[in-house]
Amino acid sequence: MLTVDGEVENPVRLSWGEVLRFPRTISVSDFHCVEGWSVLDCSWEGVCFTDLEKLVKPKPTAQAATFECADNYTTSLFLSELAGNEVLLAYKLNGEDLEEGLGFPLRLIVPSKYAYKSALWVIGVHFTRSKELGFWERRGYSDNADVWKNDRFRK
Ligand SMILES: Nc1nc2c(c(=O)[nH]1)N[C@H]1C(S)=C(S)[C@@H](COP(=O)(O)O)O[C@H]1N2
Ligand SMILES: [Mo]
């Protein structure tokens with residue numbers, strides 16, 4: 001269901017039941033696509049990324065994590081960017097289970113980043129020593145994707 005591996009002391013394969021046993025975190029945020037549209041006040045619920053880290057224990061050499069999706073999409077973020085309690089692997093939006101089109105069973109929510117960092121259909125989290133370039137990042141979009149700095153294209 002969800003494989004978490006790479007530069008960690010304790011790699012795991014979690015069943016859906018095990019994913020649901022993590023503390024449930026709710027995070028309300030706006031969602032911004034790099035193309036210009038936004039959806040305001042989304043209430044996401046799921047597993048806080050830092051709770052997952054506590055289980056797998058990243059090695060001191062781990063710097064980033066690549067999110068692997070059922071459609072072969074990938075995106076990668078520094079662990080420092082994934083550290084906040086608003087960063088989730090979400091399975092609910094506004095109280096409803098995620099539909100497949102919205103990323104069922106798990107999607108990444110990083111409110112400060114453009115939506116292409118919000119991986120849908122996440123099946124794996126791979127901790128790495130250095131940052132890997134994801135699907136859109138390899139095609140010219142900013143690897144920082146910082147919404148507030150309007151950081152859209154790779155420079
Ligand atoms: N697995 C996967 N995740 C993905 C994508 C994708 O193609 N595959 N597209 C990204 C982009 S470019 C955007 S804008 C958002 C769209 O999320 P939404 O469909 O919920 O609006 O998903 C992101 N996550
Ligand atoms: Mo997008």
Residue pairs meeting side-chain hydrogen bond (donor to acceptor under 3.5 Å, both in side chains), one or both in residues 19-28, sequence neighbours left out, come to Arg24-Glu45
### Task
Could you tell me whether the side chain of Val110 reaches within less than 4.5 Å of the side chain of Phe49, counting heavy atoms only?
no
Practice item. State plainly whether one hydrophobic cluster holds both Trp16 and Val56, where clusters connect Ile, Leu, Val, Met, Phe, Trp and Tyr through side-chain heavy atoms under 4.5 angstrom apart. Key: yes
Item checked: Test side-chain contact (heavy atoms from CB on, under 4.5 Å) applied to Lys92 and Asp97, step by step -> CA-CA 4 Å; Lys92 278 181 191 260; Asp97 289 338; 3.4 Å; yes
Check this for me: Glu99, atom CD, are more than 12 non-hydrogen atoms of other residues, nucleotides or ligands nearer than 6.0 Å?
no
Going through the checks in order, is the side-chain contact (heavy atoms from CB on, under 4.5 Å) test met by Lys117 and Phe67? CA-CA 9 Å; Lys117 293 289 185 183; Phe67 293 83; over 6 Å; no
Nearest heavy-atom contact between Tyr116 and Ala145 is OH-CB, 3.4 Å
Using only atom types and a distance under 3.5 Å, with no angle test, would you say the side chain of Asn144 pairs donor to acceptor with the backbone of Asp146?
no
State yes or no: do Leu102 and Leu88 share one hydrophobic cluster built from I, L, V, M, F, W and Y residues joined by side-chain heavy-atom distances below 4.5 Å, directly or via other members?
yes
The reported gap from CH2 in Trp136 to CZ in Arg152 (rounded to nearest 0.5 angstrom) is 14.5 Å
In Leu89, Leu98, Asn94, Leu108, the residue satisfying side-chain contact (heavy atoms from CB on, under 4.5 Å) with Trp44 is Leu98
Of all heavy-atom pairs linking Trp148 and His32, the shortest is CH2-NE2, 3.9 Å
*asked:* Quick check against the 3.5 Å criterion: does Asp143 have a side-chain atom that pairs as donor or acceptor with the backbone of Leu133?
replied: no
dist Leu77:CG -> Glu137:CD (nearest 0.5 Å) comes out at 8.0 Å
- Item | Phe22 reachable from Val4 in the ILVMFWY side-chain graph, under 4.5 Å edges | yes
- Test Asp30 against Val147 for side-chain contact (heavy atoms from CB on, under 4.5 Å), laying out the working first. CA-CA 11 Å; Asp30 301 337; Val147 172; over 6 Å; no
So CD1 of Ile109 and SG of Cys48: to nearest 0.5 Å the spacing works out to 12.5 Å
On a heavy-atom basis, the closest approach of Ala62 and Leu79 is O-CD1, 3.6 Å
Taken to the nearest 0.5 Å, the spacing of Ile26 CD1 from Asn85 CG works out to 12.5 Å
Tested for side-chain hydrogen bond (donor to acceptor under 3.5 Å, both in side chains) against His126, the lone hit among Thr66, Thr74, Asp5, Thr3 is Asp5
inquiry  = Is there a continuous path of hydrophobic side-chain contacts, each under 4.5 Å between heavy atoms, that joins Phe78 to Val125?
reply    = no
Item to complete: Indicate, with yes or no, if Leu40 and Val34 share a hydrophobic cluster defined by side-chain heavy-atom contacts under 4.5 Å among Ile, Leu, Val, Met, Phe, Trp and Tyr.
Response: no
Sequence neighbours excluded, the answer for side-chain contact (heavy atoms from CB on, under 4.5 Å) partners of Ile123 is Ala70
On a heavy-atom basis, the closest approach of Lys131 and Ser76 is CE-O, 3.5 Å
Exercise for review: May I ask you to decide whether Glu132 forms a salt bridge with Arg138, counting only side-chain N to carboxylate O separations under 4.0 Å?
Suggested key: no
When every non-hydrogen atom of Trp37 is compared with those of Phe31, the smallest separation belongs to CZ3-CD2, 3.8 Å
The reported gap from CZ in Arg107 to OG in Ser118 (rounded to nearest 0.5 angstrom) is 3.5 Å
The reported gap from CZ in Phe127 to CG in Leu52 (rounded to nearest 0.5 angstrom) is 6.0 Å
Heavy-atom nearest pair, Val47 first then Val19, reads CG2-O, 3.6 Å
Within 45° of the ring axis of Tyr141 and under 6.0 Å from its six-membered ring centre, is that where the NZ or CZ of Arg139 lies?
-> no
